Asks: 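One structure is given below, represented as structure tokens, and several questions about it will come after.
Protein chains get the first letters and strands the later ones, always in sequence-line order, with residue 1 at the start of each. Small disclaimer: the values here were computed from a predicted structure and weren't measured.
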Amino acid sequence: MSNYDTLNPRQREAVFATEGPLLVLAGAGSGKTRVLTHRIAYLIEELGVNPWHILAITFTNKAAAEMRERVDNLVSFGAEEIWVSTFHSMCVRILRRYGEHQGYASGFTIYDGDDQRTLMRQILKTMNLDPKQYRERAALGVISSLKDKLITPETFLMSATDFRQKTYGEIYREYQSQLKKNNAMDFDDLICQTVALFENNPDILKYYQERFRYIMVDEYQDTNQAQFRLVSLLADRYKNLCVVGDDDQSIYKFRGADIENILSFEKHFPGAKVVRLEQNYRSTQNILDAANAVIAHNRGRKEKTLWTQNVSGEKVRVKQFDSARDEADYIAKQIRDSNFAYEDQAVLYRTNAQSRLIEERCVYYNVPYRLVGGVNFYQRKEIKDILAYLRLMSNSVDDLSVLRVINVPKRKIGATSVGRAQDFAAQQGISLFDAVCDAVHIPGMGKAAEKMTAFADLINRFKERAVEGESIKALIEGILDETGYREELQAEDEDAVQGQTRLENIEELINKAASYEAETEVPNLDEFLEQVALVADADRMEEDPNRVTLMTLHSAKGLEFPKVYLVGLEEGLFPSFMAMDSGDPKDVEEERRLCYVGITRAREELEITAAKKRMINGEWRECKLSRFVGELPSDVEVERVGLGDGERAAKPSGFGASTSRTSLGNARNGRGFGSSYNPYASAAKTPSSKPSFGKTFSVQKEKPDYAVGDRVMQERFGAGTVKEIKDGARDFEVTVEFDGAGQKRMLASFAKLQKISE
DNA sequence: TCGAGAATTGTTTTT
DNA sequence: CAATTCTCGA
């Protein structure tokens, strides 16, 4: 019965090695998903394994959905019994069931990055910490990496030596206690709480061990220590663990991914079998040569070389442009004129910020695009507001959600009143929502008390409706109409598109809810919120519309396109500054892997571009060609391109190339969610020589005639001492300590400082 | 209480 | 440059 004849010998080996630990080193495009799906089919059809006993873990919902679909096509029965899931949704499912053992009620809320920051901001404030010394982002980073390593606040505090570490320990402890109080978990908690649950409850662990007799993990190179532990625990009984990955594609170190997990798999799981998949079915020989040449510069990898029987194809092209604008212009034009369909082309970049220029040029040339990433649909204000209302219906102890919507739309409940309620809640040891319900008893509340109880009643009524089984769609519509939210949006910005766009986004959310309810047998609010919390951007990428795809290299992992543009290959951008001057060469290696991932997304054609200068945070930066370009095979040529047609050549250095930036950038509403079509498409005939409005040309900067330490006089502030002179992009920035007015930072050309001698 | 405008500040990648 | 926070006036 041979499905399996279509597999190559290595692939077959991986499919048939069902018992015991197995590491499949799958190079890019080597058919690993085929292996996984055939392996599952083999287990069920040939070995008679009950689908119920199979667990397949992926990183994205998209990958999970794809795998499920392919398994469905291969297996004749029972495919729906298999758990195909991401780490996060698997853990949520387990925790919804057994979370009480860890002190969380089943309706717990999942906090996204924004929620985490809001919570952290409050914590830092209440702990009275200097916001310069302890920043939200830094604190959350510390906590996240501790959680990735399964270190609890208590353990960390015990090992903390210096004051700073101790403080972080305290912050961590407070953060955890706040989460628990709000009955909420962040993404990292989902994993570590599950691990803790298993470690504290052998019976529960045993249940899942018995259940999951065959475990498969995709993208294993991206697992962190906590995920490793989780998998080890689950596989500990039957040891039928198959992991698939490629150390050369490990690109999530910043998120705690530990490349050691894959490099030391054989050590962790003695007797593990290793299978290498090195035949590539995706790319042309030329593209593979490029990929191999670049990645060969990394050390400490599992040696492997991809080969292919595909044709050699077009040569890889590299072009360097004068400016990032020229680069973007070229790409948009090239996409328009290409023989490839739009949907067969993709532009891949290192940072989300790079998409702007490309978008602008696509608008200009009428190129339809689809932007993946950037501001996530579910992070938009209006969406988060509605979701906060929904969250309150299932988990009213979530103070963060109360804070978010208590005065949205405006109810005349100000910060002072909310503050009083918070104090009261803290004092009584109750949740903020309970305090709000009981607002009449809060001291000093005055008139705001009525407003608060009205709000509480509103929420309580919705809560009842949710319990009574009103549909999510109807609930959202209820919120929209009965809270006055819709009215407020309609009132705001009558001229701008804002309010309208927001309403459209909410419509989109309603559609999501409706389709969730349509395709789920027993829809429930918690599950809907969970799905919403765990979607990745790439998950929402729809297949069909004929548009070019714009996305980061990270989101591109696992995808492929006939034609790929790899852009912004410049030192400082790619590899990033962060990686370059971290002092750890391993960081540049990770960037190189990212480059490898990018190259290997291409099936037929690959074009690499760079710019000599680009605007970064408001400053023009001169950019050198990325080292990765130098690592390409020697037959790849670098073409230096002057200014393209239609534009006069400007002086290559200094100002000039920024002349006419027509503000097409305003077409930025409706990003993402498949709605990023461009409304200006047919109006885009504006010649690029049209003078721009409002944007003035850089001031010719003049070096000041004073220096640091000099005494100077200023019209408004009087006499002072020059503290610092910084050579900014458009002007010199001068910092002066004024005798009367204190320290000021100003631009030299406007400050009109006069040197004085005393 | 709240909005508008000023000031400040950040510089990757995301489940 | 853009996004966010801060400040001030009504």
Side-chain angles (χ1 to χ4, degrees), chain A residues 57-64 85-92 110-114 116-117 121 131-132 135-138 141 144 147-148 186-191 219 222-224 226-227 250-257 324 348-354 356-357 372-376 378-379 407 410-418 447-448 451 492 530 533-539 551-557 568 572-582 587 590-591 593-595 597-598 614-621 658 661 663 665 668 695 729-730 733 744-746:
Chain A
I57 305 174
T58 62
F59 264 77
T60 65
N61 296 301
K62 185 167 200 262
S85 158
T86 65
F87 269 107
H88 294 274
S89 50
M90 171 179 87
C91 290
V92 172
I110 300 166
Y111 277 2
D112 69 9
D114 283 337
Q116 288 178 281
R117 279 196 296 139
R121 200 178 313 137
K132 291 252 150 40
R135 290 171 191 281
E136 274 152 48
R137 272 194 48 173
S144 177
K147 287 186 180 177
D148 286 346
D186 64 19
F187 286 130
D188 299 320
D189 280 336
L190 296 178
I191 314 287
E219 306 281 13
D222 288 328
T223 51
N224 62 28
Q227 289 162 330
S250 163
I251 55 173
Y252 280 108
K253 183 171 166 214
F254 71 94
R255 204 169 77 186
L348 309 183
Y349 36 79
R350 177 68 238 268
T351 67
N352 280 307
Q354 289 169 261
R356 320 232 142 157
L357 274 177
V372 179
V375 182
N376 189 320
Y378 293 107
Q379 280 167 251
N407 200 29
K410 301 272 151 54
R411 298 190 176 88
K412 301 258 169 76
I413 302 175
T416 15
S417 306
V418 175
K447 270 175 284 172
K451 319 263 184 208
E492 118 188 353
E530 157 199 330
L534 298 179
V535 279
D537 257 314
D539 296 338
M551 65 179 148
T552 63
L553 287 154
H554 282 89
S555 340
K557 196 166 72 159
L573 185 63
F574 190 25
S576 70
F577 285 120
M578 298 287 243
M580 281 164 59
D581 49 48
S582 73
D587 287 343
E590 174 137 327
E591 299 277 310
R593 290 193 290 270
L594 198 50
C595 184
V597 167
R614 83 170 58 230
M615 182 81 90
I616 292 172
N617 294 320
E619 289 191 8
W620 282 102
R621 275 243 179 59
S658 66
R661 276 179 288 154
S663 335
R668 304 182 53 71
K695 308 229 171 183
R730 49 197 120 237
E733 284 172 16
K744 305 272 176 205
R745 202 165 103 183
M746 51 192 100

Asks: Just wondering, do His88(A) and Ile110(A) contact through their side chains at under 4.5 Å, heavy atoms?
Replies: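 No. Closest side-chain heavy atoms not under 4.5 Å.
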
Asks: Taking only the side-chain nitrogens and oxygens of Arg135(A), find out if one of them lies under 4.0 Å from OP1 or OP2 of dT9(B).
Replies: no

Asks: If you look at every strand shown and take non-hydrogen atoms under 4.0 Å, does Ser417(A) touch a base, only sugar-phosphate, or nothing?
Replies: sugar-phosphate

Asks: At under 4.0 Å, does any side-chain N or O of Lys410(A) touch on OP1 or OP2 of dG3(B)?
Replies: yes

Asks: With nearest nucleotide decided by heavy atoms, which residue, Met578(A) or Phe187(A), maps closer to the 5′ end of DNA chain B?
Replies: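 First, find each residue's nearest nucleotide; the 5'-ward one identifies Met578(A).
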
Asks: Does dT14(B) have OP1 or OP2 sitting under 4.0 Å from an N or O in the side chain of Ser555(A)?
Replies: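 For dT14(B), OP1 or OP2 has a side-chain N or O of Ser555(A) closer than 4.0 Å.
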
Asks: Could you work out the separation of dT5(C) and dT12(B) based on their C1' atoms and round it to a whole Å?
Replies: 23 Å

Asks: Categorize Ser576(A) for me: base, sugar-phosphate, or nothing, with a 4.0 angstrom heavy-atom threshold over every strand shown.
Replies: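 Answer is base: heavy atoms of Ser576(A) come under 4.0 Å of a base.
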
Asks: Let's see if you can work this out: which of dA3(C), dT15(B), dT13(B) has an atom nearest to the side-chain heavy atoms of Arg356(A)?
Replies: dA3(C)

Asks: Hey, does Phe59(A) reach any base, or is it just sugar-phosphate, or nothing, if we go heavy atoms under 4.0 Å?
Replies: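 The residue Phe59(A) makes sugar-phosphate contact but no base contact.
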
Asks: Sequence neighbours excluded, which residues qualify as side chain to side chain donor-acceptor pair (under 3.5 Å) partners of Asp186(A)?
Replies: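 With neighbours one apart ignored, the set is Gln116(A), Lys147(A), Tyr175(A).
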
Asks: Classify Tyr252(A) by what it touches in the nucleic acid, base, sugar-phosphate, or nothing, heavy-atom distance under 4.0 Å.
Replies: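 Here Tyr252(A) touches the backbone only, sparing every base.
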
Asks: Given atom CG of Asn224(A) and atom P of dT14(B), what is their separation to the nearest angstrom?
Replies: 17 Å

Asks: Using a strict 4.0 Å threshold on nitrogen-to-oxygen distance, state whether Arg255(A) and Asp222(A) make a salt bridge.
Replies: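 So Arg255(A) does not pair with Asp222(A) through a salt bridge.
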
Asks: Just checking Thr416(A): base, sugar-phosphate only, or nothing, at a heavy-atom cut-off of under 4.0 Å?
Replies: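 Touches sugar-phosphate only.
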
Asks: How is Ile616(A) classified with respect to the nucleic acid when contacts are heavy atoms under 4.0 Å: base, sugar-phosphate, or nothing?
Replies: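 It contacts base atoms.
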
Asks: Are OP1 or OP2 of dT1(B) and a side-chain N or O of Asn407(A) less than 4.0 angstrom apart?
Replies: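 Answer is no, no contact under 4.0 Å.
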
Asks: So does Asn352(A) get a side-chain nitrogen or oxygen closer than 4.0 Å to the phosphate oxygens (OP1/OP2) of dT13(B)?
Replies: yes

Asks: Classify the nucleic acid contact of Arg593(A) as base, sugar-phosphate or nothing, counting any heavy atom under 4.0 Å across all strands shown.
Replies: nothing

Asks: Checking all strands, does Arg117(A) fall into the base, sugar-phosphate, or nothing category for heavy-atom contacts under 4.0 angstrom?
Replies: nothing

Asks: Classify the nucleic acid contact of Lys253(A) as base, sugar-phosphate or nothing, counting any heavy atom under 4.0 Å across all strands shown.
Replies: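 Since no nucleic acid heavy atom lies under 4.0 Å of Lys253(A), the category is nothing.
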
